[in-house]
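Reminder, nothing fancy here: chain letters follow the sequence lines and each chain counts from 1.
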Protein chains: 2
Amino acid sequence: MTDPALLVRSRPRRRDAEATRQAILEAAKKQFALVGYDCTLRDIAGEAGADVALVKRYFGGKEALFVEALKASFGSDDLSEWDRQTFAREIATMLADSPHADEARTHRFQFLLRAATSPTTAPLLNVLVQERFLGPIREWLGGVDAQARARVFAASYIGFLVERLIRGEALQGREREIFIDRVSAIFTVLTAEAGPA
Amino acid sequence: MTDPALLVRSRPRRRDAEATRQAILEAAKKQFALVGYDCTLRDIAGEAGADVALVKRYFGGKEALFVEALKASFGSDDLSEWDRQTFAREIATMLADSPHADEARTHRFQFLLRAATSPTTAPLLNVLVQERFLGPIREWLGGVDAQARARVFAASYIGFLVERLIRGEALQGREREIFIDRVSAIFTVLTAEAGPA
DNA sequence: CATCTATGTCAACGGCGATTGACTTAGCGG
DNA sequence: CCGCTAAGTCAATCGCCGTTGACATAGATG
C-alpha cells in the first residue's frame, strides 16, 4: 500500500517504459474506481507523474486503458486462504467497519460497481465475474449445486459491500454487535451444503 | 407505466410549464439510470420533447436536475403490501428472473447504484436510503434490534439486485430452482426476530 | 565521443456539451 | 382585437478533454 510508484515524484523517475506503464495503470485503477470513467486522462497521468501522450502510446486510448485497469483490478482474490471455521465472523466484522479502513478492497469494489452500471462495460464484466469471482467461490464451496450456491454467496457478499459503501462509516455499539452476529450467521448458512429448514 | 408524458410527441404539447417540467424529470430519471450522469442534457430534453434551455429554466442546471431526479426515484416503495407468508418466495422468484422483465425497478436501482458510487451524491444518498429504504423496512420488520436487522435485510436485497443486474438474464433449470429455494430461505431467516442457531 | 533510439514533453486541434441570453410565439386578460 | 407575459426556440460562447504529431533528451551502443 505504500508502493512508491503511486506517490507523486518530485524528481522525474529514471526513464523506464515498463515502470511508467505500471504507474499509469495504478493511477487509472484508482481514478476509475474513485471518480468513474469520466475522470480525465490528465488527472490519471498527473497522478502517475507522466504525460497524457504516454497513455496513448502505452495503452492506445482511454477505452483500452479502462479495460486493462478493470482486468488488473481482479487479479488475485486470495480466498483459498479463508479459514472455514472463522471466516464468517471475520468477514462480518470487516463489513461492519468503515469502508475507509479497507481502501484497497473498497476501490476495487467501486470499480466493479461502476463497470456493472455502464452499458459499454457490462458485458465484459459479466465474463470477469464468472471467471474470477463466481468460479473461485464455487470451487471453495464445493459440494452439490455449487454454482447456484456460489451465486447466492456472491450476491450476499456484494450486497453487504454496497451497504458498507453507502453507510460510509463503521457501525457502533449494540447495532454493530447484532449486525456482526446476523451477518456471520448468514455466511455460515451460505457455506453449508444443505440450506436451513 | 404507459404515461403519455413519456412518449415522444409528434405534435408539440400544449404550452404547460408544469407538464413540461414533469416530462423532463421523467426523461432524466430514465437517462440517468440507463446511461448515467454522463448522458447529455440534449438527450434528456429530446426525449421529453423539450429544449435544453428549459432544463436551466426549470431546474437550474444538470447537477440540480440529477439530485431532483434521484429524490423522485425513491417515491413510493410499496412494501406494506408484502404478504409476510409469501413474500420471500415471490422476491426470490423475481430475483431469479431477468432484470429486463422488471424495467421500472431495474432503472430505479441502477440509479441508486450510480449515486452510491459518486462522491458528490453519496452523502445525499445516505440520507435518502435511511429515510425511504431502511426506515420502512425497519417498521415492517418490527421487533427487537429492528435497525440492525433492517440493515442486514436491505444489504442482502441490494446484493441480489446487483447479481441479477450483472447476470443480465433469467436463471434456468435446476440452478434456478436451487437459487430460489436458497434465497427465499434467507429472506425468511432475515425476517425472523431471532437469528438461526 | 558520436550516434541512434526509446522515452518523455509540449502545444495545438477538433469535437462535444453545458450554459447563456436574445429572440419568437402561444394564449390569456382586458 | 390588442398587447402582455409566460413558455418555448435558437444560435453563439466557452471551457474541457481525448487525441495527435512534432519536438527534446536520456542513456545505451559502438
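The separation between A/L54 atom CG and D/dT19 atom P is 14 Å, rounded to whole Å. Rounded to whole angstrom, the span from the OH atom of A/Y58 across to the C1' atom of D/dG18 amounts to 19 Å. Following rounding to the nearest Å, A/K62 (NZ) and C/dG15 (P) show an atom-to-atom distance of 19 Å. Here C/dA18 presents its P atom at 12 Å from CG of A/D38, a figure rounded to the nearest Å. Atoms CZ (A/F32) and C1' (D/dG18) sit 12 Å apart, rounded to a whole Å.
The side-chain heavy atoms of A/F74 and A/V129, taken from C-beta on, include no pair separated by under 4.5 Å.
Between B/F160 and B/F187, the angle of the ring planes lies from 30° to 60°, which puts this pair in the tilted group.
Distances were taken from every side-chain heavy atom of B/L41 (C-beta onward) to each of D/dA7, C/dT19, C/dT7; the shortest belongs to C/dT19. Among the nucleotides C/dT19, D/dG18, D/dG8, the one closest to any side-chain atom of B/T20 is D/dG8.
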Generate the contact string for nucleotides 20-30 of chain C. Rules: B means base contact, S means sugar-phosphate contact only, - means no protein heavy atom under 4.0 Å.
BB---BBSS--
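For the residue pair B/F59 and B/A64, the shortest heavy atom distance occurs at O-CB, 3.2 Å.
In this structure, B/R149 has no side chain to side chain donor-acceptor pair (under 3.5 Å) partners at least two apart in sequence or on a different chain. With sequence neighbours excluded, the residues that form a side chain to side chain donor-acceptor pair (under 3.5 Å) with B/E163 are A/R151, B/R167.
Remark: B/R164 engages B/D102 in a salt bridge, criterion side-chain N to carboxylate O under 4.0 Å.
Across the interface with DNA chain C, nearest-nucleotide mapping of A/A17 and B/G61 shows A/A17 to be the residue nearer the 5′ end.
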